[in-house]
Participant: 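Below you will find the structure I want to go over with you.
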Amino acid sequence: MPMEKTFNAAEAEARISKLWIDQKVGRAGANAVPGAEAFSIMIPPPNVTGSLHMGHAFNNTLQDILIRWHRMQGHDTLWQVGTDHAGIATQMVVERELARDKSNATRREMGREAFLSKVWEWKEQSGGTIINQLKRLGASCDWDREAFTMSGNFPDAVVKVFVDMYNKGLIYRGKRLVNWDPHFETAISDLEVENIEVKGHMWHFKYILAGGETYEYLEKDAEGQVTLREKRNYISIATTRPETMLGDGAVAVHPSDARYAPIVGKMVHLPLCDRQIPIITDEYPDPTFGSGAVKITGAHDFNDYQVAKRANLPMYRLMDTRGFMRADGAPYEVAVARAREIAAGSPTNENEVDSLNLVPEKYRGLDRFEARKLVVADINAAGLAVTTLVRTVDEETNSEALHLEPVVEAKPIMQPFGDRSKVVIEPMLTDQWFVDTAKIVGLALDAVRNGDTVIMPQSGERTYFHWLENIEPWCISRQLWWGHQIPVWYGLNLDVDSFTDDEGDDALDEVEILNILGDGGYVEREARSHCAADSAAVAEFFRDDLAPLPHPLNAARVVEVVDRHAAVALLAQSLADYNLSQDPTHLTYPIWRDPDVLDTWFSSGLWPIGTLGWPDNTPELQKYFPTSTLITGADIIFFWVARMMMMQLAVVNDVPFKTVYLHGLVRDAKGKKMSKSLGNVIDPLDIINEFGADALRFANAAMASLGGTLKMDTQRIAGYRNFGTKLWNACRFAEMNGVWEGYATAATPPTASATANVWIIGETAKALAEVNEALKTFRFDTAADALYKFVWGKVCDWYVEFAKPLFDGEQAQETRATMAWVLDQSMILLHPIMPFITEELWSTTGTREKLLVHTNWPTYGLDLVTPEADREMAFVTTLIDEIRSARAQVHVPVGLKIDLVAMSLSAESRAAWDRNESLIRRLARIETFAEGPAPKGSITLALEGATFAIPLAGLIDIAEEKARLQKTMDKLAKEIGGLKGRLNNPAFAASAPEEVVDEARANLDAREDEAAKLRAALSRLAEIG
RNA sequence: GGGCGGUUAGCUCAGCGGUAGAGCACUACGUUGACAUCGUAGUGGCCACUGGUUCGAUCCCAGUACCGCCCA
């Protein structure tokens, strides 16, 4: 059955994709020769909730190109595929799904266990979407090894790493100011916060000095002239977040700020609150900004937090997990009384400070933005706003009036938003788990500095260094349910420090038991904690804690309960039972697990070893780790690349990958970020449906120059679809000429005698060398460009045309063999970039031992290039180009055959002519050929080593031909001028390398030779008219 | 404010010491033994600006302007 005119991508891709998957062409080690070197790539695991976007398509195309290239070379390849559980994103999706049906219970109503089983259910149903989309793209992963960060050995690996790092002191728990997402009610890391400029306001408040004090406030201009002098009883502060003033711990001014020097150390009344705070100095306030005085709210601002720590100020938390003003704890009067005691020096601790709710009653329970409005209104009402005189005119009476209005500046402010929730992030003082990154960052920096891991483009290394050198502790706990739960358990601290053994039986008596349970007793103490892989292992630690305690506590059974509340209840129950029964065997010691889960990036940070079976020393781990190359977006260099480096080095003391290839974000044709709101999202599946996966892949490869932005243009994709069609039709032409009959795959080219055949074999070798070199250096664009130029520009534009007359001559047989081989090589070389169309052509042409995906990558070298053939073909193609160009310029109709006269021919040109006459005649549309002088009314063509004339008496417009020649002369003159200028400069000959000088000289000779021929032609024209 | 990068044909980008290339778009012509998802010929550029280094700079260095991205 003859081939169709075009490749039917929609039909063929599905069929070929199934074939590859059924035959497991991408399984680890497929097509590897014995003892082959390993080549491995870890896919950046897409979110299990996700679907394929252009970024994925781009990223995975590049990975697949490398994998296919190495696999065809017989290397032992692994492309590890899988998905990420994506804590927040997945929890969000499942909650949203549940909310669609009002009859469903909410997450909180159904509880942790039931919710998690819903998430798993959802994952089973829709988690495979993106994997199937990768298959449509043609990705040749090892599908049987598909991993998931919540399945298989991954949970164990994550827990083991946590425990190890905990034991090494690399993970700690602490109360820190973290980014709090009030929507998801969890901490998030710095990287999950997007700072966006929004319209905001700056309010100015007066904090009145305590004790009726006043001071002289002076403002000076740059020359030191006093511009303002007034007696003040207040200090003016500016804020964009008025509601936080309720938690202020101080007002800070810069130590060099002379305006406030008289009042540093004095107290001010905190408006709306019944307490006083000090005026302190700190380097943080900028004296030139606003009033130069800053209110310090340590629990709700990152800068203030640092100031508060330096000045040892209490940090009062004002909000709850949803971002509402606190409504818990003691009444305001009680809390504020205690705060005053603390301010006066009463000893306290972090936990007590955190437990004090200093939100006055009227603001309690309000949303933070509601509270803001109310605080502003109340301050205005109290006359504590900084005001300005405003003149108004009454329209009816036309009378002017002056009155004071609060100063509120409208100004853009940077506001933090959650990258998932899109709500305003609240800095919040909470207990969280941290990785002490400062302790593990060193190895990660060194590995890149000493080249164990190479990041490209190199600018990526600079970014990497800059971030790691300034790294902050990594907050790894999330108050979510979907994720790896932190392997830390807590138990009540029952250490009995005042035990008196009245009975001499070394056992607790009833009074002592009551002490344990009683108000303010042991159960109120801070809990003990232990970290271990599971509850059985952790129970050992708690038994060790219990061992030194008096009977019967030392014999208590350790049991796990849900939380501290349940633990206290169970312990009480248990002790009460004991008191009656005196049977210690029933005594239980309850422990509970930390409810938080780990940041998703903590587990994906272990992706390279986790997917290879670690902590078991599997054969895959030995073979494929460290992995060869990581291809990922530059936007996740911090999230993921740097963390994988730190984690792998900390855990297995080896780099996770040898090369990191970073690429930019895929944008639309205009360079805009693709976003749903802009409506400029291009769905790669739509592109595949319209143009085929190969066209998309080729476009991706061609765009992949190092460092640039990636602008996706469907017109360009269409162009590469056309490129596929071009190759298709070259093969179809071959088929129509019987080229494939009896042809079987051959590693080496056929012996050829016709110059065109010899030449194209050499061009094929050049293309191979270029593709190899380009892919070796990750220049996918160069590889694509070289293939495009070879297949279209050499094979189709010239070779196929040359072959047509050759098919009729004595060299028909070798031409068929050569064409088959060249097209074969084209399929092979293109296969990594365009796998579908090439696999399809492969199966419809010739006799094949293996699928193309497993066909051996060629190894022939540039020795196949024959310089004589190159020169000869250069003469032929130049001559044809010149004739065509001349014909077009003097408007010779395409259909008209012309005569050609050779005025002069060098020996080499004559030989070239003789061997290729039929090609030239055909492609330049020549009727007759003769040697001799130019007939009258000819146009002239000057080539190196030859001059030709085309007699066109009566057909040509003399003036037009003159203009044509003059134009060529002008171009030549410009070149000659430049070359002469250089050669006449003595410094050039003296300083430039010899070959450059020689080349310039030879070039000048050739140009002058051509110019002379053209001058002669012009003078001949002058004779005519 | 800090860091990284960009500025080359109408558009999107390569090139990065020997006076410019591709694809697309555009113009004219065109169905010759594969291909109109095509062919042939063509139009189009003080390589942002100012200095410096060099025999020679789009390319290296410094500065300026403008534009991105990331982090505060």
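Letters A, B, ... are given to chains in the order of the sequence lines, protein chains preceding strands, and every chain is numbered from 1.
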Participant: Look through every strand shown and name the nucleotide pairing with B/rG68 as Watson-Crick or G-U wobble, where both distances are under 3.5 Å.
Facilitator: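 For B/rG68, the partner nucleotide comes out as B/rC4, under the 3.5 Å rule.
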
Participant: Taking the C1' atom in each of B/rC49 and B/rC67, what is the distance between them to the nearest angstrom?
Facilitator: 15 Å

Participant: If I pick the C1' atom on B/rC11 and the same atom on B/rC70, what distance separates them, to the nearest angstrom?
Facilitator: 27 Å

Participant: Which nucleotide in the list B/rG3, B/rC70, B/rA34 gets nearest to the side chain of A/Phe638?
Facilitator: B/rC70

Participant: Hey, is the side chain of A/Arg716 pairing donor to acceptor with the base of B/rU12 inside 3.5 Å?
Facilitator: no

Participant: Please give the distance between the P atoms of B/rC29 and B/rG68 as a whole number of Å.
Facilitator: 43 Å

Participant: Could you identify the nucleotide paired to B/rC59, looking across every strand shown and requiring Watson-Crick or G-U wobble geometry with both distances under 3.5 Å?
Facilitator: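 In the structure as shown, B/rC59 has no Watson-Crick or wobble partner.
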
Participant: Find which nucleotide of RNA chain B each of A/Arg732 and A/Phe7 is nearest to by heavy atoms, and output the residue with the more 5' nucleotide.
Facilitator: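 It is A/Arg732 whose nearest nucleotide is closer to the 5' end.
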
Participant: Examine B/rC38: is either OP1 or OP2 under 4.0 Å from a nitrogen or oxygen in the side chain of A/Asn722? Give yes or no.
Facilitator: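 Affirmative; the distance criterion is met.
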
Participant: Classify the side chain of A/Lys5 versus the base of B/rC35 as yes if they form a donor-acceptor pair under 3.5 Å and no if they do not.
Facilitator: no

Participant: Is there a side-chain polar atom (N or O) of A/Ser991 under 4.0 Å from OP1 or OP2 of B/rU54?
Facilitator: no

Participant: Mind checking the C1' distance from B/rA22 to B/rA28? Whole angstroms is fine.
Facilitator: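 Straight-line distance between the two C1' atoms is 22 Å.
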
Participant: Tell me if a side-chain donor or acceptor on A/Asp301 pairs with a main-chain N or O of A/Asn303 at a distance below 3.5 Å.
Facilitator: yes

Participant: Is any side-chain N of the basic residue among A/Glu763 and A/Lys766 closer than 4.0 Å to the acidic one's carboxylate O?
Facilitator: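 Counted as a salt bridge, because a side-chain N and a carboxylate O are separated by less than 4.0 Å.
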
Participant: From B/rG18, B/rC29, B/rG2, pick the nucleotide closest to the side chain of A/His466?
Facilitator: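 Nearest nucleotide to the side chain: B/rG2.
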
Participant: Are a donor atom and an acceptor atom from the side chains of A/Glu773 and A/Thr777 found within less than 3.5 Å of each other?
Facilitator: no

Participant: Any salt bridge linking A/Glu469 with A/Arg449? Criterion: basic side-chain nitrogen under 4.0 Å from a carboxylate oxygen.
Facilitator: yes

Participant: Tell me whether the side-chain N or O atoms of A/Gln889 pair up with the base of B/rA28 as donor and acceptor below 3.5 Å, since no angle test is needed here.
Facilitator: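 Answer is no: no donor-acceptor pair is held.
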
Participant: Let's see if you can work this out: which of B/rC38, B/rA34, B/rG18 has an atom nearest to the side-chain heavy atoms of A/Val800?
Facilitator: B/rA34

Participant: With both distances under 3.5 angstrom, what nucleotide forms a Watson-Crick or G-U wobble pair with B/rA34?
Facilitator: none

Participant: Only pairs with both distances under 3.5 Å count, Watson-Crick or wobble alike; so what is the partner of B/rC47 in this structure?
Facilitator: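 By the stated definition (distances under 3.5 Å), nothing pairs with B/rC47.
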
Participant: Is A/Arg779 close enough to B/rG15 that one of its side-chain N or O atoms is under 4.0 Å from OP1 or OP2 there?
Facilitator: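 True: A/Arg779 side-chain N/O within range (under 4.0 Å) of B/rG15 OP1/OP2.
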
Participant: Given B/rC35, B/rC29, B/rA25, which nucleotide is nearest the side-chain atoms of A/Val894?
Facilitator: B/rC29

Participant: Provide the Watson-Crick or G-U wobble partner of B/rA41, both distances under 3.5 Å; none if there is no partner.
Facilitator: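 Matched B/rA41 with B/rU27 under the 3.5 Å cut-off.
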
Participant: Does the side chain of A/Lys726 get closer than 4.0 angstrom to OP1 or OP2 of B/rG39 through an N or O atom?
Facilitator: yes

Participant: Among B/rG18, B/rA22, B/rA41, find the nucleotide with the atom closest to the side chain of A/Asp785.
Facilitator: B/rA22

Participant: Watson-Crick or G-U wobble partner for B/rU54, using a 3.5 Å limit on both distances?
Facilitator: none

Participant: Determine, for A/Asp1005 against A/Arg1001, whether the closest basic-nitrogen to carboxylate-oxygen distance falls under 4.0 angstrom.
Facilitator: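 Answer for the salt bridge query: no.
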
Participant: Which residue, A/Gly719 or A/Thr782, contacts RNA chain B at a nucleotide closer to its 5' end, judged by nearest heavy atom?
Facilitator: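 It is A/Thr782 whose nearest nucleotide is closer to the 5' end.
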
Participant: Under a 3.5 Å threshold, yes or no: a donor from one side chain and an acceptor from the other, between A/Arg697 and A/Asn700?
Facilitator: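 Short answer, no.
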
Participant: Is B/rC13 paired to anything, Watson-Crick or G-U wobble with both distances less than 3.5 Å, and if yes, which nucleotide?
Facilitator: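 Looking at the geometry, B/rC13 pairs with B/rG21.
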
Participant: Roughly how many Å apart are B/rC66 and B/rA57, using the P atom of each and rounding to a whole number?
Facilitator: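 After rounding to an integer number of Å, I get 28 Å for this pair.
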
Participant: Any side-chain heavy atom of A/Val996 sitting closer than 4.5 Å to one from A/Phe988?
Facilitator: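 Yes, at least one pair of side-chain atoms sits under 4.5 Å.
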
Participant: Looking at the side chain of A/Asn985, which of B/rC55, B/rG39, B/rG18 is the nearest nucleotide?
Facilitator: B/rC55

Participant: B/rU19, OP1 or OP2 - any side-chain N/O from A/Arg982 closer than 4.0 Å?
Facilitator: yes

Participant: Please tell me if A/Trp467 has a side-chain N or O lying less than 4.0 Å from either OP1 or OP2 of B/rG2.
Facilitator: no

Participant: Among B/rU32, B/rC29, B/rA34, which nucleotide has an atom closest to any side-chain atom of A/Ala730?
Facilitator: B/rA34

